[in-house]
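There's a structure below that I have some questions on.
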Number of protein chains: 2
Amino acid sequence: MIAHAAQYNLLPKSVAVVGCGLIGASWSGLFLSHGFNVKTWDPSAEIRADLAARVQGICAQLAEMKSGEGLSRGTLVVEPSIAGAVRDVFWIQENAPESVPVKQAIYAEIETAASPETIIASSTSSLIWSELATQLRYPQRFITAHPFNPPHLMPLVELYGNDPAALSFAESFYQTLGRKTVRLKKEAAGHIANRLSSALWREAVNMVAEGIADVAEIDAALVHGPGLRWSVVGAHMAYHLGGGSGGIEHYLKHLGPSQEARWASLGSPSLTPDICAKLIAGVTAEAAGRSITELEAERDAGLMRVLAARDAPPK
Amino acid sequence: MIAHAAQYNLLPKSVAVVGCGLIGASWSGLFLSHGFNVKTWDPSAEIRADLAARVQGICAQLAEMKSGEGLSRGTLVVEPSIAGAVRDVFWIQENAPESVPVKQAIYAEIETAASPETIIASSTSSLIWSELATQLRYPQRFITAHPFNPPHLMPLVELYGNDPAALSFAESFYQTLGRKTVRLKKEAAGHIANRLSSALWREAVNMVAEGIADVAEIDAALVHGPGLRWSVVGAHMAYHLGGGSGGIEHYLKHLGPSQEARWASLGSPSLTPDICAKLIAGVTAEAAGRSITELEAERDAGLMRVLAARDAPPK
């Protein structure tokens, strides 16, 4: 594999975004705001027609956060074919539906037109590298690079691949975009973050099923309790601080058994029609008449405030 | 039960803090900063001697956050007996060790001196109301009121009791202190927040055990991914937004089965010596030489920045 960093400095700074739903549009706005030209492709004529306006809204949010400030914004091109989108780019971000055959068909088309050194980064949330890479002619340039929704605001990108050089290049590229990358040592369905989310939500669903608390109360407990703290301190580190001056070693020795007892008391709910009905009713009550669009706007505004404050340079 | 709110307006505004370790000191600083006089008791002479200085540090953090601003600070008194601490107060916050007999012995002593209407609020994290209330002469005035560490910064207080009037009064009192209260419909070990934390940490431990990622990478994924988002949007609501325009109903219908498959793939680790050694080594690497005190100071500074930004009134 050639030195990607050198390639990145020499080639025209164009990237491709293949698949332009929610995630692809968000990536496009992020790339553009950091001065990259973006060539896009999507099979839907409707998505292609709306894309410029949607990306414009994302760039406006990033400008409000001063992310990429001082860079001249790149240009957005909507291409009629995958081959057109991926020619002469150094990076391809793929955001197709979560289907192995759909993604593999796209990779086959990409490989007819893209340089063998160009990185193909899949945003897949639920599929794993080894399932997706099997048909690739050049699998070393293929990585999974899972963002967290919405990708232009959430810093996390989770990386997995089989070539350390490709992963190092991915880290430096995403860091240029203000992202925080983590690397998996071993691939896993759901990577890290969605496994954590699923584990937590299972117990959140269990508490609704068991009648311990309502949906809105559980969400409020999370937002004003562990969620808030986890925006600053990770779960392992929180137990280190929970161990007092003896740290996690003290915690494990003295409270390890009670933690294991707690684990044994957690639930394993199924998403039965009855539980689904309770979840839907509970979320409807929590939304209190706010539409998805309004809730998303509130989320984004909250994330922008928190991010700006959290990651501010120390006074 | 008499109307607590009326009592609260008529009596001298004094509260008692029984047990003044980490949690009791934090509560004391919060009460003082909101203008209440605080009478404290702790069995340890060392804790009694250091308390004023520790509480001073907490009040300084709250002053920096402008929490309770404009109120004249109450006075702190260290009492030599439980009876002295709880006489003529309208609120008793108990923060004794997590032992049913220890707490029950304290409640017996409280009931010899405190008015039968005075609320006894236990900060217990792992015990439940019905275990603790059995020996009380006036169990209706007893509630569990679990804060999240550190209580003077973290807004969450989780409430459970058997008297709606006592719970309503608790809500209004804690809200006066800028807290966010949630109510359990049914008591549960770990209340809501620690059940969610345990569920998430179980999978975090599992990923270390399985070699999927290192401790520091898992913590980084949480802090820059789901933790950050959960500081703004709860877990149930996040799946509502993950369902696109169809919301959680669409999500459950189309992605419910894949969520159940994910649940089935999560791990059930035990805290074996080998796994504990990996956790300790991983946290030590993540701490990178920072002491517990330094890590706590970083956590507090981060929480103060995030809280100020998140809960700022809209522009």
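Proteins get letters first, then strands, A, B, ... in listed order; numbering begins at 1 in each. Here the structure is a predicted model, which is why all the values come from computation and not from measurement.
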Taking only residues at least two apart or on different chains, which pairs with a member in residues 210-231 of chain A satisfy salt bridge (charged side-chain N to carboxylate O under 4.0 Å, His left out)? A/Asp214-B/Lys185

Pick whichever of A/Ala189, A/Gly246, A/Gly247, A/Ala216 has the most heavy-atom pairs under 4.5 Å with chain B. A/Ala189

Residue B/Pro269 versus chain A: region with a heavy atom under 4.5 Å: both

So which part of A/Ile218 gets closer than 4.5 Å to some heavy atom of chain B, the side chain, the backbone, both or neither? both

Best-contacting candidate, A/Ala193, A/Ala301, A/Ala188, A/Gly234, against chain B by heavy atom pairs under 4.5 angstrom: A/Gly234

Need one label for B/Tyr160: side chain, backbone, both or neither, based on atoms under 4.5 Å from any heavy atom in chain A. neither

Among B/Glu98, B/Arg179, B/Glu260, B/Glu158, which residue forms the greatest number of heavy-atom pairs with chain A at distances under 4.5 Å? B/Glu260

Enumerate, atom names and distances included, each donor-acceptor pair closer than 3.5 Å involving a side-chain atom of residues 198-207 of chain A, sequence neighbours excluded.
{"residue": "A/Ser198", "atom": "OG", "partner": "A/Asn194", "partner atom": "O", "Å": "3.0"}
{"residue": "A/Ser198", "atom": "OG", "partner": "B/Gln259", "partner atom": "OE1", "Å": "2.7"}
{"residue": "A/Trp201", "atom": "NE1", "partner": "B/His236", "partner atom": "ND1", "Å": "3.0"}
{"residue": "A/Arg202", "atom": "NH1", "partner": "B/Trp263", "partner atom": "O", "Å": "3.3"}
{"residue": "A/Glu203", "atom": "OE1", "partner": "A/Asn206", "partner atom": "ND2", "Å": "3.3"}
{"residue": "A/Glu203", "atom": "OE1", "partner": "A/Gly267", "partner atom": "N", "Å": "2.9"}
{"residue": "A/Glu203", "atom": "OE2", "partner": "A/Asn206", "partner atom": "ND2", "Å": "3.2"}
{"residue": "A/Glu203", "atom": "OE2", "partner": "B/Arg195", "partner atom": "NE", "Å": "2.8"}
{"residue": "A/Glu203", "atom": "OE2", "partner": "B/Arg195", "partner atom": "NH2", "Å": "3.1"}

Choice from B/Ala308, B/Ala220, B/Ser265 maximising heavy atom contacts with chain A below 4.5 Å: B/Ser265

Largest heavy-atom contact set with chain B, pairs under 4.5 Å, which of A/Val223, A/Leu22, A/Val182, A/Leu279: A/Val223

Under 4.5 Å between any side-chain heavy atoms of B/Trp230 and A/Pro226, yes or no? no

Is there side-chain contact between A/Pro155 and B/Leu228, with heavy atoms separated by less than 4.5 Å? yes

Tell me, for B/Ser126 versus chain A, whether the close heavy atoms (under 4.5 Å) come from the side chain, the backbone, both or neither. both

Heavy atoms only: give me the nearest A/Val232-B/Arg299 pair and the separation to one decimal. CG1-O, 3.8 Å

For the interface with chain B, which of A/Gly225, A/Pro147, A/Gly302, A/Ala261 has the highest count of heavy-atom pairs at distances below 4.5 Å? A/Gly225

B/Ser268, part contacting chain A, at a heavy-atom distance under 4.5 Å: neither

Best-contacting candidate, B/Ile248, B/Ile212, B/Val306, against chain A by heavy atom pairs under 4.5 angstrom: B/Ile212

Quick one, B/Glu249 and A/Cys276 - any side-chain contact, counting heavy atoms below 4.5 Å? no

Under 4.5 Å between any side-chain heavy atoms of A/Leu222 and B/Met237, yes or no? no

Checking heavy atoms, do the side chain of B/Arg310, its backbone, both or neither come under 4.5 Å from chain A? both

Suppose a student defines contact as a heavy atom less than 4.5 Å from any heavy atom of chain A. Which residues in residues 288-295 of chain B would they list? B/Ile292, B/Leu295

Taking B/Leu153, B/Leu266, B/Val233 one by one, which has the highest count of heavy-atom pairs under 4.5 Å against chain A? B/Leu266

All salt bridge (charged side-chain N to carboxylate O under 4.0 Å, His left out) counterparts of B/Arg183, not counting sequence neighbours: B/Glu171

I'd like to verify something: which residue of B/Asn149, B/Ile280, B/Leu156 has the highest number of heavy-atom pairs under 4.5 Å with chain A? B/Leu156

Given heavy-atom pairs under 4.5 angstrom as the criterion, report whether the side chain, backbone, both or neither of B/Ala287 touches chain A. both

